[in-house]
There are 2 protein chains.
Amino acid sequence: MENTQHDGRQQATAVEQPAARHDAAAGPPHTVRRQQTATERRRRELLEAADRVVLRDGPDASMNAIAAEAGITKPILYRHFGDKGGLYRALAVRHTDALLDGLRAALDSPVPRRDRVEATLDTYLTAIEMRPQVYRFLMHPSDEGQGADKDTGFDVGRHSAPLLRRLGEELAQVIGERLDLGPGGEELARVWGHGIVGMMHAAGDWWLRERPCSRAQLVQHLADLLWGRLAAAGDRLGGPGF
Amino acid sequence: MENTQHDGRQQATAVEQPAARHDAAAGPPHTVRRQQTATERRRRELLEAADRVVLRDGPDASMNAIAAEAGITKPILYRHFGDKGGLYRALAVRHTDALLDGLRAALDSPVPRRDRVEATLDTYLTAIEMRPQVYRFLMHPSDEGQGADKDTGFDVGRHSAPLLRRLGEELAQVIGERLDLGPGGEELARVWGHGIVGMMHAAGDWWLRERPCSRAQLVQHLADLLWGRLAAAGDRLGGPGF
DNA sequence: CACTCATGTTACCGCAAGTAACATGCGACG
DNA sequence: CGTCGCATGTTACTTGCGGTAACATGAGTG
C-alpha cells in the first residue's frame, strides 16, 4: 500500500508504449521519429537480454542480473519498464503472442473437428515440451497486477493477463464462431474455452513432470475426455449404489 | 544455491513433524510427551495467526507481520517452520485438507454419476466463492519446492504439492476405482483426473473474477462439456471446410 | 543444584527492488 | 557557436524482507 505514486516524468516511455504511433501528425522534426524507433529497438534488445537471463536463471532472476546481461545497470531497466512487473509483463506478452500464433494455426486448420482439437492439444504440448523454461515462466508469474490500472484508462493490463485467460478467451471466440450452440451460446462458449484451456494446462503440467505416457497418447486421452467418454464409460463391478 | 545447510539442531521441530508419534515406547519421562503436545498446540496457534494475516494481507504477508500478529518475533516462526516456505506449506496443507474433505464427500455421494459430478463441481465453486482469499493463497503459491527432496526419501514434499496436483491425483483415484475403463485405464484415469481438475480450476478462476453467470449455470455448462456436448454440437452455417 | 528443553529477545547480515542525483553524447534551433 | 531537449548512462543510496547468531529466561527432572 501507500508509496505507489510515480511522478509521471519518465512514464512517457514506461507506459507500455501506446502502440498506435505509426505516422500521423506529419510536420514536426523527423528526428523525434528516428529517436523513437531507436528507443524501441533498444527496448527490444533489453527484452532479449532479459529473456536470456530468465530462461537461464529461472523466473527469480534479479534486475541486477538482467541489467548485467544487457551490459548496463538497473536504472535503465526501470526507465524502460517501470518496475519488475512491467518487464516481466513485456516478456510474457512476447512469448504468449508466439504461442498463440501457433495455436491459432492449429485451430484454423481445415480438418474435421476432432483432428483440429487434437492438433491444438498437440501444438500446445509440443510447445511446453520443447521449451519448459518459457512455460514455467509464463505459467507462474508470481501474481503481478490485480491492482489500480484505471488511470491509464483503456487496455493496459489486459495485455498482461496471465496467458491462461488470454488462451481461454481466444478459444472461446473460436468456439463461438464455429459452433452452433443455440441460445446462450456465447456464455457456453466462454465457459468451455476457459475450461478446455484449463484442462490442457493442468494435464500438460502434470504430464511434463511425470511423463507417464507419450504425447500422442495424452492427446488421445484428453480428446476422448472432451468427446464424452467419461459419461459413456461403464461402472465398475461391485461399486456402491451407482 | 550454496548456503542451504542447516545445522540440524532445531530441525527436530522444523522438519514438518513426523506425524507418526502417537504413543509408543512408553517408559521415558512423560514430561517430554506433555511438552510435545504443548509445542504442537503452540504450532497450531502460530498457524492460526499466520492464517489470519495471510487472509487479511494476501500471500505476500511478511514474516514480521505474521510474528506480530502472533504476538512474538520472527525467530520463533523460523524455529517452528524452518523457513517461509515451510510455514506456507503448512498453511496450504491445512486448507487443502479441508477442501479435499468437502470434495470427497461430494465425490462419494450415492447418486447418479452426472449428479455426483455436478455436486463436486458445485462444492469446489462454492468453496472458492465463499473464501476467495484462501483460494488465491492456495492457487498462487509463488513456486516453492521443485528441488532436491530425495534425501528424506519418502513423503516429505508430496504433502506440499500445490493443491492442483493433489486434487488431480485424488480425482484420478476415484475415477480409477469407480469406472471400468478397460486396458490402460489407470493411465486414462490419471489424465482425466488432472484434466478435469484443471478445467474446474481455470473455469472457476475466470468465473470468480468476471461473474458472467450463476454458479448453477456454470456447473451445468461444465458438466455438459464433460458429457461430450462439444463433440455433439452442430457446425455453424457458412463456416469453413468443416 | 545442574541439566534439558522450549520460549523468547535484540541485533545483525545479505540481498533485491526501487530511487535520487549527477554526467554524457547528439541532433535541433536561435 | 552556444544551449536546449532528450535519451542514455552512471554511482550511491534507501527501504524492506528473509534468515541467522547470540544471548536470556522459566519450568520440569535427575
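We name chains A, B, ... by the order of the sequence lines, and we start the count at 1 in each one. Values reported hereafter were calculated over all heavy atoms of this structure, with side chains retained and with hydrogens, waters and symmetry mates removed.
Proximity of a side-chain donor or acceptor of W192(B) to a complementary backbone N or O of H221(A) within less than 3.5 Å is detected. Side chain of Y88(B) to backbone of P59(B): a donor-acceptor contact under 3.5 angstrom is found.
Annotation for L164(A) and M139(A): closest pair CD2-CE, 4.0 Å, computed over non-hydrogen atoms.
Distance CZ (R43(A)) to P (dC6(D)): 20 Å, rounded to an integer number of Å. Following rounding to the nearest Å, R42(B) (CZ) and dT7(C) (P) show an atom-to-atom distance of 8 Å. The separation between L87(A) atom CG and dG18(C) atom C1' is 13 Å, rounded to whole Å. Between L77(B) atom CG and dC17(D) atom P the separation is 14 Å, expressed in whole Å. At whole-Å resolution of the value, CD1 in I66(B) and P in dG19(D) are 11 Å apart. Atom OH of Y78(A) is separated from atom P of dT8(D) by 17 Å (rounded to the nearest Å). Nucleotide dG18(C) holds its C1' atom 16 Å from the CZ atom of F81(A), rounded to whole Å.
Checked by atom type, the side-chain pair H95(A)/D51(A) shows a donor-acceptor distance below 3.5 Å.
For the pair R211(A) and W207(A), the distance from NZ or CZ to the six-membered ring centre is under 6.0 Å and the angle to the ring normal is within 45 degrees.
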Tabulate protein N/O versus nucleotide N/O from nucleotides 9-16 of chain C, keeping only pairs under 3.5 Å, one per line.
unit_1	atom_1	unit_2	atom_2	d
dT9(C)	OP2	T73(B)	N	2.9
dT9(C)	OP2	T73(B)	OG1	2.4

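In this model, the phosphate group of dA6(C) is not approached by any side-chain N or O of H80(B) to a distance below 4.0 Å at OP1 or OP2.
Partners of R42(A) according to the side-chain hydrogen bond (donor to acceptor under 3.5 Å, both in side chains) rule, which considers only residues two or more places apart in sequence or in another chain, are E45(A).
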